[in-house]
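Here the structure is a predicted model, which means the values were calculated and not measured.
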Amino acid sequence: QVQLVESGGGLVQAGGSLRLSCVVSGRTFSPYAMGWFRQAPGKEREFVAAITWSAARTYYADSVKGRFTISRDNARNTVSLQMNSLKPEDTAVYFCAAKATIGGVTTMSFYPYWGQGTQVTVSS
């Protein structure tokens, strides 16, 4: 069974920073990619960032480019999201997700494994 556990959410003022982490576990699971998605109140869940596990190729939504950085630690089975210059519109529940198959790293429906989510609130 694959499990993803996020941590690092919280309340921060606009312009501040937060770092989210996600640990993935599973006896035989070897991810192709891991991603971060977010869902604001009343809105659909949307792609934020993704990284391929072996090549560390990164992908970002236009809304977070230049402000967020995704990284992974293979040895610790951890993916992190460093969020800088946060804005009130970044307020959402952030979800970590993992997939084992090639392709579709920015597409939510291609990720079968999800964490429980962590709340990020940015005050103005």
Nearest non-hydrogen partners of [X] and [Y], listed with the distance:
X     : Y      : value
Leu86 : Leu18  : CD1-N, 3.8 Å
Ala40 : Ala92  : N-CB, 3.8 Å
Glu6  : Cys96  : OE2-N, 2.8 Å
Ala50 : Val105 : CB-O, 3.5 Å
Tyr60 : Ile70  : OH-N, 2.9 Å
Arg72 : Ser54  : NH2-O, 3.3 Å

(message) Check this for me: Arg19, atom CZ, are more than 12 non-hydrogen atoms of other residues, nucleotides or ligands nearer than 6.0 Å?
(response)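 Correct, the count exceeds 12.
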
(request) Indicate whether the side chain of Gln119 and that of Thr121 have a donor and an acceptor atom separated by less than 3.5 Å. (result)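 Yes, Thr121 and Gln119 have a side-chain donor paired with an acceptor closer than 3.5 Å.
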
Is any side-chain heavy atom of [Y] closer than 4.5 Å to one of [X]?
X     : Y      : value
Leu4  : Trp114 : no
Ser80 : Thr78  : yes
Leu81 : Phe68  : yes
Val64 : Phe47  : no
Ser63 : Arg38  : yes

(message) So does Arg57 get a backbone contact from the side chain of Thr52, meaning a donor-acceptor N/O pair under 3.5 Å?
(response)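 Here the side-chain-to-backbone pair exists.
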
(message) With side chain to side chain contact (heavy atoms under 4.5 Å, CB included) as the criterion, how do Tyr32 and Thr101 come out once you've worked through the C-alpha distance, each side chain's angles and the decisive distance to 0.1 Å?
(response) CA-CA 6 Å; Tyr32 168 75; Thr101 55; 6.0 Å; no

Using 0.5 Å steps for rounding, measure from the [atom1] atom of [X] to the [atom2] atom of [Y].
X      : Y      : atom1 : atom2 : value
Glu89  : Ser124 : CD    : OG    : 10.0 Å
Tyr113 : Gln1   : OH    : CD    : 9.5 Å
Ser109 : Arg45  : OG    : CZ    : 12.0 Å
Gln82  : Leu20  : CD    : CG    : 9.0 Å

Are [X] and [Y] joined in one hydrophobic group, where the rule is that I, L, V, M, F, W and Y side chains link up if heavy atoms are under 4.5 Å apart?
X      : Y      : answer
Ile102 : Met34  : no
Tyr59  : Val79  : no
Phe95  : Phe110 : no

(request) Could you tell me whether Lys87 and Asp90 make a salt bridge, using a distance below 4.0 angstrom between a side-chain N and a carboxylate O? (result)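 Salt bridge between Lys87 and Asp90, a charged N being under 4.0 Å from a carboxylate O: no.
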
(request) Give a yes or no on whether the ring-centroid distance for Tyr111 and Phe37 is below 6.0 angstrom. (result) yes

(message) Using the rule given for side chain to side chain contact (heavy atoms under 4.5 Å, CB included), can you reason through Ile51 versus Trp36, listing the C-alpha separation, both sets of side-chain angles and the distance that settles it, and then say yes or no?
(response) CA-CA 9 Å; Ile51 186 167; Trp36 287 95; over 6 Å; no

